[in-house]
Amino acid sequence: MSSEQLTIASLTDRVKSVAVGAPASAVHFLGERAAFVCAEEKVAIADATGEISHVVVHVGAILCTASDGKRVVTGGDDGKLVALNAKGETSVLATDAKRRWIDNVALHPDGAFAWSAGKTAFVRSSKGEEKTFDAPSTVGGLAFAPKGLRVAVAHYNGVTLWFPNMAAKPEFLEWAGSHLAVTFSPDNKFLVTAMHEPALHGWRLADIRHMRMSGYPGRVRSMSWSAGGKGLATSGADSVIIWPFASKDGPMGKEPAMLAPLQARVSMVACHPKQDIMAAGYSDGTVLIVRLEDGAEILVRRNGSEPVSALAWNAKGTLLAFGTEDGDAGMLEF
């Protein structure tokens, strides 16, 4: 335990340990139950008491995951896209005809979902209609816009905005480099990608003006919008970097906030769904809850293990779950 962690408030004695039994690559809440997605084959579903059940969802590695709060959808190297509900029931949503790896998945609030294999992106509507789009290179990330059926397809040298239900030509947003994770701002005004290099890139959608967000010592592997979309919290540095998006110009010409510095790199971030607080996980296994207004910190998990690789709040903001690369996991109830 560091001297920094000794001086802040602690909730470590209230954390319920969860026996995931494998490295956690992601965690999502299905109501009051946390679904810990393991790196291989299975998902561990746990409640606030720590009671757990394991469900096999793939034969092999789980490569991507997304959740809408009702189901967790995973893609694997077995070429399958699988949905898991809170009861632990699974269903195969799609199987790639060429048995290619399912690299990315995204869910729409109306029940539509998107996934990718190689250069091809797929969308299936809530009515079961399926459309495909061939990107110019391997798809790096997918995201649905918060309004309408519009999909952002990230790839090498930019992002394509695809409208599956319209005859309109997809819109290409160009920026050199490899674009990976992609996210729309909650107000639908901005689009941001995590680059293969240690930087973010963004576009103001009204006029396609570029937004360059750089200065990271490492790649940004985790992004989370604060309540109301006023800020975008990111990993990749030894403090949480939060870019301001409250104004019409977003982060252009503005410095980001830098909160919760430690002698370790931030590996995961998860903003609270209702309040201006966030959880941050670090490369040394530390988990903190941080108040965005002034950076005040509460310790949830002490350091001393592998990086935090999974972090999420439930929809009400009353439960926090975390998991690490060495299989340690826990839940905190507020």
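Since the model is a prediction, treat every value here as computed from it, not as a measurement.
Residues that satisfy the side-chain contact (heavy atoms from CB on, under 4.5 Å) test with Arg265, not counting sequence neighbours, are Pro217, Ser283. Under the side-chain contact (heavy atoms from CB on, under 4.5 Å) criterion, Lys98 pairs with Asp96, Arg100, sequence neighbours left out. Considering only residues two or more places apart in sequence or on other chains, Asp328 meets the side chain to side chain donor-acceptor pair (under 3.5 Å) condition with Arg301. Judged as a ring-ring contact (aromatic ring centres under 6.0 Å, His included), and not counting sequence neighbours, Tyr156 has no contacts. When the side chain to side chain donor-acceptor pair (under 3.5 Å) test is applied to Ser267, no partner is found at least two apart in sequence or on another chain. Remark: Ala310 pairs with Ala24, Val27 by the side-chain contact (heavy atoms from CB on, under 4.5 Å) rule, at least two apart or across chains. Arg212 meets the salt bridge (Lys or Arg N to Asp or Glu O under 4.0 Å) test with Glu197; sequence neighbours excluded. Ser224 is linked by a side-chain contact (heavy atoms from CB on, under 4.5 Å) to Val269, Cys271, counting only residues two or more places apart in sequence or in another chain.
Put simply, the side chain of Asp238 never gets that close to the backbone of Ala264: no donor and acceptor are under 3.5 Å apart. Checking side-chain atoms of Thr160 against main-chain N and O of Trp162 turns up no donor-acceptor pair under 3.5 Å. A donor-acceptor contact shorter than 3.5 Å is absent between the side chain of Ser235 and the backbone of Met268. Thr193 places no side-chain N or O within 3.5 Å of a backbone atom of Met195 that could act as its donor or acceptor partner.
The local environment of NE2 in His196 is sparse, with at most 12 non-hydrogen atoms from other residues, nucleotides or ligands closer than 6.0 Å. More than 12 heavy atoms of other shown residues, nucleotides or ligands fall within 6.0 angstrom of atom NZ in Lys131. Residue Trp101 places its CH2 atom among 12 or fewer non-hydrogen atoms of other residues, nucleotides or ligands, all under 6.0 Å distant. Within a 6.0 Å radius of NZ in Lys230, no more than 12 heavy atoms belonging to other residues, nucleotides or ligands are found.
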Q: Begin from the C-alpha positions of Leu161 and Leu205 and carry the test side-chain contact (heavy atoms from CB on, under 4.5 Å) through to its verdict.
A: CA-CA 10 Å; Leu161 297 180; Leu205 294 176; 4.2 Å; yes

(Q) Could you walk me through whether Val153 and Val159 satisfy the side-chain contact (heavy atoms from CB on, under 4.5 Å) test, starting with their C-alpha distance in whole Å, then the side-chain angles of each, then the deciding distance to 0.1 Å, before giving a yes or no? (A) CA-CA 5 Å; Val153 183; Val159 174; 5.6 Å; no

(Q) Evaluate Glu32 against Asn314 for side-chain contact (heavy atoms from CB on, under 4.5 Å), listing each step before the verdict. (A) CA-CA 7 Å; Glu32 304 304 294; Asn314 68 339; 3.5 Å; yes

(Q) Between Thr12 and Val300, is the side-chain contact (heavy atoms from CB on, under 4.5 Å) condition met? List the steps. (A) CA-CA 5 Å; Thr12 56; Val300 175; 5.8 Å; no

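Within the structure, ring pair (Phe, Tyr, Trp, His ring centres under 6.0 Å) pairs that include any residue of residues 259-310 comprise His272-Trp313 (at least two apart or interchain). Within the structure, ring pair (Phe, Tyr, Trp, His ring centres under 6.0 Å) pairs that include any residue of residues 108-132 comprise His108-Phe144, Phe113-Trp115, Trp115-Phe122 (at least two apart or interchain). Applying the salt bridge (Lys or Arg N to Asp or Glu O under 4.0 Å) test to residues at least two apart or on different chains, the pairs with a partner in residues 248-257 are Arg204-Asp249. Every pair passing salt bridge (Lys or Arg N to Asp or Glu O under 4.0 Å) that includes a residue from residues 71-92 is listed here, sequence neighbours excluded: Asp68-Arg71.
One hydrophobic cluster holds both Met258 and Leu200 under the rule that ILVMFWY side chains link at heavy-atom gaps under 4.5 Å. Tracing side-chain contacts under 4.5 Å through hydrophobic residues (I, L, V, M, F, W, Y), one never reaches Leu63 starting from Val92; they form parts of separate clusters. Residue Val56 is not grouped with residue Val82 when hydrophobic side chains (ILVMFWY) are merged at heavy-atom distances under 4.5 angstrom, including chains of intermediate members. Ile298 and Val240 fall into different hydrophobic clusters, where Ile, Leu, Val, Met, Phe, Trp and Tyr side chains are chained together by heavy-atom contacts under 4.5 Å.
Donor-acceptor pairing under 3.5 Å is lacking for the side chains of Trp225 and Ser185. With 3.5 Å as the limit, one finds a donor-acceptor pair spanning the side chains of Tyr216 and Thr234. A donor-acceptor pair shorter than 3.5 Å cannot be found between the side chains of Arg302 and Thr286. A side-chain donor-acceptor contact under 3.5 Å links Asn104 and Ser116.
Side-chain contact between His58 and Glu41 is absent, with no heavy atoms from C-beta onward closer than 4.5 Å. Residues Ile208 and Leu173 form a side-chain contact, since some pair of their non-hydrogen atoms from C-beta on lies under 4.5 Å apart. Put simply, the side chain of Ile45 does not reach to within 4.5 Å of the side chain of Ile52, judged on heavy atoms. With a 4.5 Å cut-off on side-chain heavy atoms, Asn85 and Leu30 do not count as touching. Using a 4.5 Å heavy-atom cutoff, the side chains of Phe29 and Leu319 are in contact. The side-chain heavy atoms of Phe133 and Thr120, taken from C-beta on, include no pair separated by under 4.5 Å. Ile62 places a side-chain heavy atom less than 4.5 Å from the side chain of Val57. At least one side-chain heavy atom of Ile289 sits under 4.5 Å from a side-chain heavy atom of Leu320.
Considering CG of Leu232 and CD1 of Ile242, their distance stands at 9.0 Å, rounded to 0.5 Å. Rounding to the nearest 0.5 Å gives a distance of 12.5 Å between CE of Met278 and CZ of Arg291. If you take CG on Asn165 and CZ on Arg150, they are separated by 13.5 Å, rounding to the nearest 0.5 Å. A distance of 10.0 Å separates OG1 of Thr74 from CD1 of Ile102, quoted to the nearest 0.5 Å. Distance NE2/His201 to CE/Met213: 7.5 Å, rounded to 0.5 Å. Going from atom OG of Ser226 over to atom CG of Leu292 covers 6.0 Å, rounded to the nearest 0.5 Å.
Aromatic ring centres of Phe172 and His155: separated by under 6.0 Å. Between Trp203 and His179, the ring centre distance stays below 6.0 Å.
Ring geometry, Phe190 versus Phe245: the interplanar angle exceeds 60°, so the pair is classed perpendicular (tilted spans 30 to 60°).
Taking both residues in full, the closest heavy atoms of Pro164 and Leu149 are given as CD-O, 3.4 Å, listed atom of the first, atom of the second, then distance. The heavy-atom pair separating Ala114 from Leu142 by the smallest distance is C-CD1, 4.0 Å.
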